[in-house]
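To keep things clear, I will list the structure first and then write my remarks on it.
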Amino acid sequence: MMYSEKVMDHFMNPRNMGEIEDADGVGQVGNAKCGDIMKMYLKIENDVIVDAKFKTFGCGAAVATSSIATELIKGKTIEEALKVTNKAVVEALDGLPPAKLHCSVLAEEAVAAAIEDYRRRHGYDVENSQQCPGCCRKCESDLDE
Amino acid sequence: MDKNIIYVDHAATTYVKPEVFEEMKPYFTDLFGNPSSIYSLGRESRKAVENARSQIAYCLGAHPTEIYFTGSGTEADNWAIKGVAYANRKKGKHLITSAIEHHAVLHAFDYLKKEGFDVTYLPVDERGFVNPKDLAEAIRPDTTLVSIMFANNEIGTIQPIKELAAIAKEKGVVFHTDAVQAMGNIDVKVNDLGVDLLSMSAHKFYGPKGVGALYIRKGVRVDNFIHGGAQERNKRAGTENVAGVVGMAAALKLAYENLDEYNSHLRKLSDRLIDSVMERIPHVRLNGDREKRLPGNVNLSFQFIEGESLLLMLDMKGIQASSGSACTSGSLDPSHVLLAIGLPHEIAHGSLRITFGEKNTEQDVDYIVDNLVEIVGKLRQMSPLYEDFIKKGNNK
């Protein structure tokens, strides 16, 4: 297994790890059965993500993608944050081993799920967005590499 | 090896003991003859190969003509299973194995299944034991082979091989055991056990990689697997790995001479690790049986955390171990062994295998435990599963 230095750095020194007590949006994706769960907490003011924290159960790549995702979305508007793709997450980490690409998809989904929760709380009409329902293995074949 | 590294993955592989390496050396350089050549250089090599065969046979209580050298434990397993299945295919096409075999065995059976054989995979109980009653009930008139591993590579469970082999023998079915993990840890004697075939691999008992052996009891029919020259009594072609088999024999001889001492050393370390982890870390379970396990094997599941993260953090502290987590295998499913003993996926993902060897010390154990306390704590702080558990008020 070859992780980049960036992945190892974010794994050993995760940024923004923890929870936000009075979060405006919380999203959890993944499934313990598959070995990955990401929980994303967002503090949002005037549609801008002013703080983001995460908790993750998973491998080194899962922790690193969560960590970098919080860095990528902090300070962005929710519209901008929704445009942070798994590809951007992978690039920011200087790449991921092919078997670990699904972790980047999970990070993208965690951000989307937290924003969806925020919008629901604020009365927006939210269509059911993507959420990992378990090990469909879709992410193995469907990756935006 | 780097002094700052604590290697506790001896079930994966071991180093070659210096005295074993010394015995191998001449056969790489000066004594390089082909054992099949008739001149003196060839005869030297022939002598070395046959001496090695005799030594291994002596350790096992077998006859030298019953020992066949292979390129690995995996090859020995494949040869035993496919060889017996094909040699007896007119008699029957039913084969029996267990759910927790090494992939060298399981995937050989999967292959035979595709070739039209019928395979029964015996379940195991929560500690990893095959129930002899299940075996007796699974044997049919068309059963030709039973293959059950001696000791499990992940959880260390030692099967009641003698009892299982007796059941097969009573019904006239050939019995193979994959003893790759047992050799060097257990006083294996083929006649006492009553097994017909037995696989081993040198690099698990301080011998070299790339060499294994298959014991085939006299009279047991096994089709050839590797075709070519007349080596290994016409049964396994290919120029002998002379240095390799010399090393395997030297390593096995040393292992058999020091079996009791080695066992008590490993057992002391394992007990110390298990006891202190249980005392200092909550929500952890020992996988396998506390007593009937390989002396150097400790397999633990830490709830709420994932194994690869644990391994990476241990590696940062110089501790090199292994896990049954999916993430370390490249698949999404955790270890088939841990699932077979009934662990839920999320607990199987958080497993750690530590396998001690001769150079490990009690200080190593204490260092490992101190780091485990810290790392498990850190990963749990990071885990949403642990957060949920705490918020639900620990009511479990």
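In what follows, chains carry the letters A, B, and so on, assigned in the order in which the sequence lines appear, proteins first and then strands, with residues in each chain numbered from 1.
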query = With side chains defined as the heavy atoms from C-beta onward, is the minimum distance between B:Met313 and A:Met12 less than 4.5 Å?
reply = yes

request  = Check whether more than 12 heavy atoms from other residues, nucleotides or ligands sit under 6.0 Å from atom CZ of B:Arg127, and answer yes or no.
outcome  = no

query = Taking A:Ala61, A:Ala32, A:Ser66 one by one, which has the highest count of heavy-atom pairs under 4.5 Å against chain B?
reply = A:Ala32

query = Between B:Asp388 and chain A, which part of the residue has a heavy atom less than 4.5 Å away: side chain, backbone, both or neither?
reply = side chain

note = Between A:Met17 and B:Gln381, the two heavy atoms sitting closest are SD-O, 3.8 Å

ask   = Taking atom CE of B:Met316 and atom CZ of A:Phe11, what is their separation to the nearest 0.5 Å?
value = 7.5 Å

task = Return yes when atom NZ of A:Lys74 has more than 12 non-hydrogen atoms of other residues, nucleotides or ligands closer than 6.0 Å, and no otherwise.
result = yes

ask   = Taking all atoms of both residues into account, what is the closest heavy-atom pair of A:Cys59 and B:Ser309, and its distance?
value = C-OG, 3.4 Å

query = Of the non-hydrogen atoms in A:Gly60 and B:Leu312, which two are nearest, and what is the gap between them?
reply = CA-CD1, 3.7 Å

ask   = Are any side-chain N or O atoms of B:Glu306 and backbone N or O atoms of A:Phe57, one a donor and one an acceptor, separated by less than 3.5 Å?
value = no

Atom pair CD (A:Gln28) and CG (B:Leu385), whose distance is rounded to the nearest 0.5 Å = 7.5 Å

